[in-house]
Amino acid sequence: MSKPLRVGILGGGQLGRMLLQVAANYPVETFVLEKGASAPAAKLCYHFTDGDIKDYDTVYSFGKSVDVLTIEIEHVNVEALLALEKEGIKIYPTPSALQTIKDKGLQKEFYLSNSIPSPDYVLIQNKEELKKHLSFLPAALKLRSGGYDGKGVEIIRTENDLPKAFDAPCVLEKLVDIEKEISVIVAKNDAGQTAVYPPVEMVFDPRYNLVDSLLSPARLTDTQSSAAQKIALQVVEALGSSGIFAVEMFLDKTGDILVNETAPRAHNSGHQSIEGNYTSQYDMQMRVLQNLPLGNTAIILPSLMLNLIGEEGHSGSVFYSGLNETMQIENVYVHLYGKTETKPGRKMGHVTILGNDVPELNTKAEMVKKNLKVISHS
Ligand code: ADP
């Protein structure tokens, strides 16, 4: 019998946890590197290493103990990955693709030089330099590195918004008149095979202007949908890396599709694929890691994914209220990430709802939102 493939995952959050749930189906031995043994992925792997994914030596020695490495978060030590790659460790995505993506400035240059449609931009070093580009406003100002979940983005409409500008290297990107935000997940294996998922749509809550849920498939025309899939594939082919990628795009009011950014890993916008598509993004990632044939990306039924967020005013030991009522609703699937502590706004899990059409999904989503709350023990 051949030895199981040793698969290393950098990062131990929920994406790693969901990858491990699928890894159990394959002849692999799993390793996770993350700070703190209470991380969501820590209990589901064969070997857990408590360490910093940003530290060169820690990542290097972790990488030496596995056959293939993957990530569940971009903020890892890329220099260590470059050294490991030279020594024959297979890494998905490649360290060079990761380098391009980690820096939003390099990412924008990559889109431009590969003729991938993306909003116009200028690179600036600091706040002082921003003042020379007032004619470029309104724009989205994005930290070149370190931002996530919208935290490194400020909308600068006029000179009056300058006080909130970051004083650091940034991308200043033309503000897009957004009709819809969509995402396409793409997988590529070392055999050169690719698999492209149908686009999903981020649905905003108009009250807070926050991403409230994701709808699969996105409500697009067939032409828009295939254009989005074509662009997403173009991004992955140009990156020249195997792996799993989420290409986030804007459909603007004129009908153009523009790439916002790419994540070189499984993504929040692919969670619904666990129940909603024949092959989940995590199963796809496991296939990539083993260079196995990729699966079917088609949708089984339309789905809606809700993030389960810690309620305002609740911090501490978590309690999920309304689980029983929620699970009485047909085709509602609850995923809890095993985080022991809740705090307002923390992603604690998600719920995927399957249904025949959008009205049915919305009705069920309202029932779930009414019932299921992430609170703390009082
Ligand atoms: P993050 O990497 O933190 O998720 P994004 O680059 O995706 O940040 O930006 C967060 C949000 O800001 C987007 O989902 C979108 O709503 C808005 N945004 C970003 N860039 C633009 C733009 N060029 N025009 C209009 N809105 C934008």
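Read the numbers this way: they start at 1 and go in the same order the structure lists the ligands and their atoms. What's counted below: heavy atoms across the whole structure, side chains too, no hydrogens, waters or symmetry copies.
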*Asks:* Below 3.5 angstrom, do we get any N/O pair linking Leu175 and ligand 1?
*Replies:*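 In this structure, Leu175 places no N or O atom under 3.5 Å from an N or O of ligand 1.
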
*Asks:* Applying a strict under-4.5 Å side-chain criterion to I, L, V, M, F, W and Y, I'd like to know whether Leu15 and Phe48 cluster together.
*Replies:*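 Shared cluster, yes.
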
*Asks:* Give the numbers and elements of all ligand 1 atoms closer than 4.0 Å to a heavy atom of Ala140.
*Replies:*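 The atoms of ligand 1 under 4.0 Å from a heavy atom of Ala140 are 20 (N), 21 (C), 22 (C), 23 (N).
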
*Asks:* Determine, step by step, whether His267 and Phe245 satisfy the ring pair (Phe, Tyr, Trp, His ring centres under 6.0 Å) criterion, reporting the C-alpha distance in whole Å, the side-chain angles of both residues, the deciding distance to 0.1 Å, and the verdict.
*Replies:* CA-CA 8 Å; His267 194 251; Phe245 301 85; over 10 Å; no

*Asks:* Examine Asn260 against ligand 1 and note whether any of their N/O atoms are separated by less than 3.5 Å.
*Replies:*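 Yes; at least one N/O pair falls below 3.5 Å.
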
*Asks:* Enumerate the atoms of ligand 1 whose separation from the nearest heavy atom of Ile178 is less than 4.0 angstrom.
*Replies:*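 Those of ligand 1 that fall under 4.0 Å from Ile178 are 25 (C), 26 (N).
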
*Asks:* For atom 22 (C) of ligand 1, state which one of Lys104, Glu173, Glu74, Glu181 supplies the nearest heavy atom.
*Replies:*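 Looking at heavy atoms only, the winner is Glu173.
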
*Asks:* At less than 4.0 angstrom from any non-hydrogen atom of Lys142, what atoms of ligand 1 do you find?
*Replies:*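 That gives atoms 6 (O), 19 (C), 20 (N) of ligand 1.
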
*Asks:* Compare Gln107, Met202, Glu154, Glu261 and give the one whose heavy atom is closest to atom 2 (O) of ligand 1.
*Replies:*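 Heavy atom nearest to atom 2 (O) of ligand 1 belongs to Glu261.
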
*Asks:* Can you see whether Asn371 engages Thr326 through a side-chain donor-acceptor pair at a distance of less than 3.5 angstrom?
*Replies:*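 Note: Asn371 and Thr326 side chains miss the donor-acceptor criterion.
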
*Asks:* From the options Val153, Val176, Asn268, select the one whose nearest heavy atom is closest to atom 9 (O) of ligand 1.
*Replies:*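 The option holding the nearest heavy atom is Val153.
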
*Asks:* Salt bridge or not between Glu360 and Lys364? Use side-chain N to carboxylate O under 4.0 Å.
*Replies:*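 Yes, this pair counts.
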
*Asks:* Please determine which of Lys142, Glu248, Glu181 meets the side-chain hydrogen bond (donor to acceptor under 3.5 Å, both in side chains) test together with Asn260.
*Replies:*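 In the set Lys142, Glu248, Glu181, the residue that makes a side-chain hydrogen bond (donor to acceptor under 3.5 Å, both in side chains) with Asn260 is Lys142.
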
*Asks:* So, Glu29 and Lys3, do they make that salt bridge, N to O below 4.0 Å?
*Replies:*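 No salt bridge links Glu29 with Lys3.
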
